[in-house]
Protein chains: 2
Amino acid sequence: MPANKKPKTKSAAKKAEPANIETFLDTIVTGDCIAAMKKLPNASVDLVFADPPYNLQLGGDLTRPDNSRVDGVDDDWDKFENFKAYDSFTRAWLAEARRVLKPDGAIWVIGSYHNIFRVGAAVQDLGFWILNDVIWRKSNPMPNFRGTRLTNAHETLIWAAKSEKSKYTFNYRALKTGNDDLQMRSDWEFPICTGAERIKGEDGAKTHPTQKPESLLYRILIASTKPGDVVLDPFFGSGTTGAAAKFLGRHYIGCERDKAYIAAAKKRIARVKPLPEEELQTQPSPRAAPRVPFGQVIETKLIKPGAKLYSRNKNTCAKVRADGSLYVKDGDVEIQGSIHKVGAAVQNAQACNGWTYWHYEEKTGLKPIDFLRDKIRKQMAG
Amino acid sequence: MPANKKPKTKSAAKKAEPANIETFLDTIVTGDCIAAMKKLPNASVDLVFADPPYNLQLGGDLTRPDNSRVDGVDDDWDKFENFKAYDSFTRAWLAEARRVLKPDGAIWVIGSYHNIFRVGAAVQDLGFWILNDVIWRKSNPMPNFRGTRLTNAHETLIWAAKSEKSKYTFNYRALKTGNDDLQMRSDWEFPICTGAERIKGEDGAKTHPTQKPESLLYRILIASTKPGDVVLDPFFGSGTTGAAAKFLGRHYIGCERDKAYIAAAKKRIARVKPLPEEELQTQPSPRAAPRVPFGQVIETKLIKPGAKLYSRNKNTCAKVRADGSLYVKDGDVEIQGSIHKVGAAVQNAQACNGWTYWHYEEKTGLKPIDFLRDKIRKQMAG
DNA sequence: CAAAAGAGTGAATCCACGA
DNA sequence: GTCGTGGATTCACTCTTTT
């Protein structure tokens, strides 16, 4: 693809145009996440997934009842003087992430009670629009060894669109289908990342202290991206986002400053074999199907003008007119209009889906006129 | 009780001594929660439970797919100009709540993604020390009718001590015992408040739009208070906190400005019959509870030989023998053995906890025989 | 009377597109 | 921007009515 010489927006014209986003696809940008994100052009990524430092305040070492030491999070990058420093760091990277997002883009941030409230408030203050908070219920959490609190058995994710107006991606039907035809809820259960999935060094020690399970990222990407979308992870770490994105036919961009993490992530992602394209087809949404006006049903002669349509209980009867409008005479009152308007009127309802409300007579009984629309769609497709 | 003329602390001595806390026990203070809390003396309550406005910012009407209208929260008390206004309100009431708390006191706040991040950040900024965030998983949440987001199936609670140094109350053993000897996790499942528990006016309409289930408050009070403790609820509403506190032998203080809510709460709490004192003893020591063989239940004459025990659905019936064994005749097959062995056999299961599987008949219905074991343990302890 | 069917409802930031 | 219209969209549970 040729470089785009002409700035796309006025604001972009003010500065030197940053490198094209294509340059960064499926790569890890080395360096501090804010500096790294500054290299990316405005409005160029579809989704951000961020697993920022948790700002844990563990007082001293934590030991198990058998006196073995728990390998907690004590790396330098996870120390912050105080909430103020953490807040300004949080707002800085969130602002960069928002700049880089397309207008209809969205962000996911994961955290625990140590940091998620500060992150969530910053998300709202910066103009993101929260869509859901999602609970990752850990099926195998670490117990509270001292019995001083509840077992910390979950983490919190925030899902937010770039703005209130964003037409964010949500594959509602795909999630529902994958959930035994029940709406996906805001609480998700997954095991923590252990076993073969957990990346370890040659010494057997875990490479990254907070590696997330790929299953979590799969669901996030299936829920809120389309194949070919660009997913940015400002805290790339061990590269779970990259691995899941590559597997699912999405592009990733990672930011990471730790060279050991980068090396481990590259190695990991190289081993991932992407799903074949046909496997990526998710359950289509009825909203995505081509619009078929009711008039077309008549033009196609699937129903003739003058034919009668009924409500399911056959209490109401309407006559079809040549232009695709319906006509009902109920006592003195005559109603005419679209299948939807007349359906709503005879029910005294605000709205009505005429395709499912009205039925035509067949040998086997009443059938919704939606069957006829289906027929036309299939003819169009085949 | 005579008035206490001598100030208890130096700081209290500086100002006019506010009315003694005893005056307020088990009452509802009328008025705005901040003004009402100002009447209470410093460091006088053990626990605060707060269910503040969520600042929902709902749009227009929402209808179900069957065109019925959802009765959303449109009350004035949930309306705020912007985040800034909500934040300053939040910090004001949290500061008062903190002043009123004893040094070892704690607070619970419940909210949704609309407000909980702002509340949580304020909690931290004011010097509270977060102990856990707890997820209330709703077993029967309202679905997302438009298929635009995930089903909002949970709410978030923050549990925080007054300060990092607070020696807060946590009845670890009681929770674990009540949770089949597993540590209580940070995600709790309860149904929403419906049916007979839901308070309704004479017109059948719900008295309060956001009444919380008593089961949620029971667990909170069992987890983090002792009998006789003082529990303050600055947003008393329909009085769930008061009802649970009275039932569990705790004192409540409510703040509420809506007279209709106050009247409903008073009526509700008046009907509550407190548990007898001996039932309030929670699992005291870190030692495992003493073993009670089933035979002892018979020896104690809590159940007589020849009595019948049933599975919860009453599909299975067993006869109690004098030695504490059970006997079941199922067609030609006769089974006998311990409550556990017979329970497993009739279910075709590897193992079974007979204490919870078998039930005896009481006036009010079937009850697990575990109730009887509890009784014996309490007799042994007391 | 029991069982089945129907109606009602809950802290909800709940539509997309073209004229 | 607004406005109008097409047409997509629900789970668990309680209580009432009908069979």
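Residue numbers start from 1 in every chain, and the chains themselves are labelled A, B, ... in the order their sequence lines are given, proteins ahead of strands.
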With a 4.0 Å cut-off on heavy atoms, is Thr210(B) in touch with a base, just the backbone sugar-phosphate, or nothing at all?
base
Atom CZ of Arg137(B) and atom P of dG10(C) are separated, to the nearest Å, by 22 Å
Please give the distance between the P atoms of dT9(C) and dA8(D) as a whole number of Å.
27 Å
Classify Trp136(B) by what it touches in the nucleic acid, base, sugar-phosphate, or nothing, heavy-atom distance under 4.0 Å.
nothing
First encountered from the 5' end of DNA chain C, between His114(B) and Ile192(B)
Ile192(B)
Length of the line joining Asp104(A):CG and dC15(C):P, which is rounded to integer Å:
16 Å
Verify the neighbour count for atom NZ of Lys308(A): are there more than 12 heavy atoms of other residues, nucleotides or ligands below 6.0 Å?
no
Tell me, which of residues 211-219 of chain B have any heavy atom that sits under 4.0 Å from an atom in DNA chain C?
Lys212(B)
I'd like the C1' distance from dT19(D) over to dC1(C), given in whole Å.
12 Å
From CZ of Phe170(A) across to C1' of dC14(C) the rounded distance in Å is 11 Å
Arg219(B) to Trp188(B) six-membered ring, cation-pi geometry met (6.0 Å, 45°):
yes
Arg185(A) has an atom CZ; how far is it from atom C1' of dA12(C), in whole Å?
15 Å
Side-chain contact check for Lys341(A): nearest option of dA8(D), dG6(D), dG10(C) is dG6(D)
Just N and O in the side chain of His340(A): are any of them under 4.0 Å from OP1 or OP2 of dG6(D)?
no
Whether Asp370(A) and Arg373(A) form a salt bridge (side-chain N of Lys/Arg under 4.0 Å from carboxylate O of Asp/Glu) is what I want to check.
yes
With under 30° as parallel and over 60° as perpendicular, where do the rings of Phe89(B) and Phe235(B) fit, or are they tilted in between?
perpendicular
Select one nucleotide: of dT13(C), dG10(C), dC17(C), the one nearest the side-chain heavy atoms of Arg198(B).
dG10(C)
Would you say dG7(D) has OP1 or OP2 under 4.0 Å from some side-chain N or O of Arg291(A)?
yes
Has Lys206(B) got a side-chain N or O lying under 4.0 Å from the OP1 or OP2 atom of dG10(C)?
yes
Taking atom P of dA12(C) as reference, at what distance in whole Å does atom OH of Tyr113(B) sit?
10 Å
Roughly, in whole Å, what's the span from CG in Asp370(A) to C1' in dG7(D)?
10 Å
What form does the base of dT13(C) take, syn (within 90° of 0) or anti?
syn
Select base, sugar-phosphate, or nothing to describe what Arg373(A) touches, counting heavy atoms under 4.0 Å on all strands.
sugar-phosphate
Counting heavy atoms not belonging to Glu334(A), are there more than 12 under 6.0 Å from its CD?
yes
Minimum heavy-atom separation for Ala153(A) and Ser186(B), please, with both atom names.
N-OG, 2.8 Å
Is the Lys NZ or Arg CZ of Arg98(A) less than 6.0 Å from the centre of Phe128(A)'s six-membered ring, within 45° of the axis?
yes
Could you tell me how far apart Arg69(B) (CZ) and dG10(C) (P) are, to the nearest whole angstrom?
11 Å
Span that lies between the C1' atom of dA12(C) and that of dT9(D), in whole angstrom:
14 Å
When Val134(B), Leu217(B), Leu221(B), Asp51(B) are each screened for side-chain contact (heavy atoms from CB on, under 4.5 Å) with Trp108(B), the one that passes is Val134(B)
Check the pair Tyr360(A), Tyr310(A) against ring-ring contact (aromatic ring centres under 6.0 Å, His included), reporting the backbone distance first and the verdict last.
CA-CA 6 Å; Tyr360(A) 65 100; Tyr310(A) 306 90; over 10 Å; no
Can you give one letter per nucleotide of nucleotides 9-19 of chain D, going 5' to 3': B for a protein heavy atom under 4.0 Å from the base, S for sugar-phosphate only, - for none?
BBBSSSS----
Given Glu155(B), which of Tyr113(B), Trp136(B), Tyr54(B) fulfils the side chain to side chain donor-acceptor pair (under 3.5 Å) condition?
Tyr54(B)
Choose from dA11(C), dA12(C), dG7(D) the nucleotide whose nearest atom is closest to any side-chain atom of Trp355(A).
dG7(D)
Does dG6(D) have OP1 or OP2 sitting under 4.0 Å from an N or O in the side chain of Ser338(A)?
yes
Got more than 12 heavy atoms from elsewhere within 6.0 Å of CZ, Arg257(B)?
no
Looking only at the side chain of Ser68(B) (C-beta and beyond, no hydrogens), which of the listed nucleotides dA11(C), dT9(C), dG6(D) gets closest?
dT9(C)
To the nearest angstrom, how far is Gln57(B) atom CD from dA12(C) atom C1'?
12 Å
Hey, does Gly237(B) reach any base, or is it just sugar-phosphate, or nothing, if we go heavy atoms under 4.0 Å?
nothing
Does the structure show a Watson-Crick or G-U wobble partner for dC15(C), both distances under 3.5 Å? Name it, or say none.
dG6(D)
